[in-house]
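All residue numbers refer to positions in the sequence shown, counting from 1. Every number for a ligand or one of its atoms is a count from 1 in the order of the listing.
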Amino acid sequence: MEQIPVTMTVNGKKVQRFVEPRTLLIHFLREDLDLTGPHIGCETSHCGACTVEMNGMSVKSCTLFAAQANGADLTTVEGMANPDGTLSALQEGFRQMHGLQCGYCTPGMIMRAHTLLKENPNPTEDEIRMGIAGNLCRCTGYQNIVKAIQYAAAKLNGTDFQEAAE
Ligand code: FES
Ligand code: FES
């Protein structure tokens with residue numbers, strides 16, 4: 001099939017490739033750029049394991065063609081760590097609060113949470129749960145993911161995370 005040129009910025013680096021028009025963005029990221037953090041958990045756009053940030057929005061990269069990301073600025077979980085290699089507040093929060101088990105949903109969860117905290121730096125528990133409603137997790141039961149996001153929000157706001165009494 002005929003290939004078309006695409007150019008985009010991914011995790012701060014400019015990339016240029018030729019892609020088939022039908023190539024999904026998730027496959028482009030994983031197979032052409034070797035960014036295999038974003039995962040594929042479904043074929044119906046529900047699970048959010050493929051979530052990345054594109055032009056400041058959370059997008060499910062299984063539901064976009066790579067060609068639609070032409071010219072876009074993308075961030076994947078591989079772009080999340082701090083420049084000195086330390087973990088971002090969210091990555092640290094997921095570890096500290098045990099917000100992952102198998103880790104398959106985690107890259108998408110972290111990318112969604114990253115954008116969520118830009119949209120709403122001080123979310124309530126309900127706002128976090130609603131804010132990650134597009135991301136499914138088979139392992140955690142979500143409770144510790146909520147805490148991980150609260151941990152990161154507190155850290156980014158310069159306060160200490162206080163776990164709510166259960
Ligand atoms: S792979 Fe499930 S929403 Fe993208
Ligand atoms: S940690 Fe396994 S699916 Fe979320």
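- Residue-ligand proximity, Arg138 to ligand 2, at heavy-atom distances under 4.0 Å covers atoms 3 (S).
- Remark: minimum distance from atom 1 (S) of ligand 2 to any protein heavy atom is reached at Gln101 N, 3.2 Å.
- Residue, atom and distance of the protein heavy atom nearest to atom 3 (S) of ligand 1 are Gly48 N, 3.2 Å.
- For a distance bound of 2.8 Å, the N, O or S atoms of Cys50 include one lying that close to atom 4 (Fe) of ligand 1.
- For ligand 1, the atoms closer than 4.0 angstrom to any heavy atom of Cys47 are 1 (S), 2 (Fe), 3 (S).
- Ligand 1 places these atoms under 4.0 Å from at least one heavy atom of Gly41: 1 (S).
- Residues Gln101 and Thr140 have side chains that never bring a donor and an acceptor to within less than 3.5 angstrom of each other.
- The line from CZ of Phe65 to CG of Leu25 is 11.0 Å long, rounded to the nearest 0.5 Å.
- Side-chain atoms of Thr86 and Asn82 form a donor-acceptor pair, as typed in the model, at a separation below 3.5 Å.
- Between the side chain of Arg30 and the backbone N or O of Pro38 there is at least one donor-acceptor pair closer than 3.5 Å.
- Looking only at atom types and distance, the side chain of Ser58 has a donor-acceptor partner in the side chain of Arg112 under 3.5 Å away.
- Atom 2 (Fe) of ligand 1 lies at 2.8 Å or more from every N, O or S atom belonging to His46.
- Because the distance cut-off is set at 2.8 Å, Cys105 qualifies as a neighbour of atom 4 (Fe) of ligand 2 through one of its N, O or S atoms.
- Of the N and O atoms on the side chains of Asn120 and Glu127, at least one donor lies less than 3.5 Å from an acceptor on the other residue.
- Within the 4.0 Å heavy-atom criterion, the part of Ser45 lying near ligand 1 is the backbone and not the side chain.
- Because the distance cut-off is set at 2.8 Å, Cys62 qualifies as a neighbour of atom 4 (Fe) of ligand 1 through one of its N, O or S atoms.
- Residue Lys60 has at least one heavy-atom neighbour below 4.0 Å for each of these atoms of ligand 1: 3 (S).
- For Cys102, every N, O or S atom stays at 2.8 Å or more from atom 4 (Fe) of ligand 2.
- Atoms OG1 and CD1, from Thr115 and Ile132 in turn, are 13.0 Å apart once rounded to the nearest 0.5 Å.
- Residue Gly103 approaches ligand 2 through these ligand atoms, each under 4.0 Å from one of its heavy atoms: 1 (S), 2 (Fe).
- The residue Glu43 has no part lying near ligand 1, judged by heavy-atom distances below 4.0 Å.
- Side chain to side chain, Ser88 and Gln91 meet the donor-acceptor criterion of an N or O pair below 3.5 Å.
- Nearest heavy-atom pair across Ile110 and Met80 is CG2-CG, 4.0 Å.
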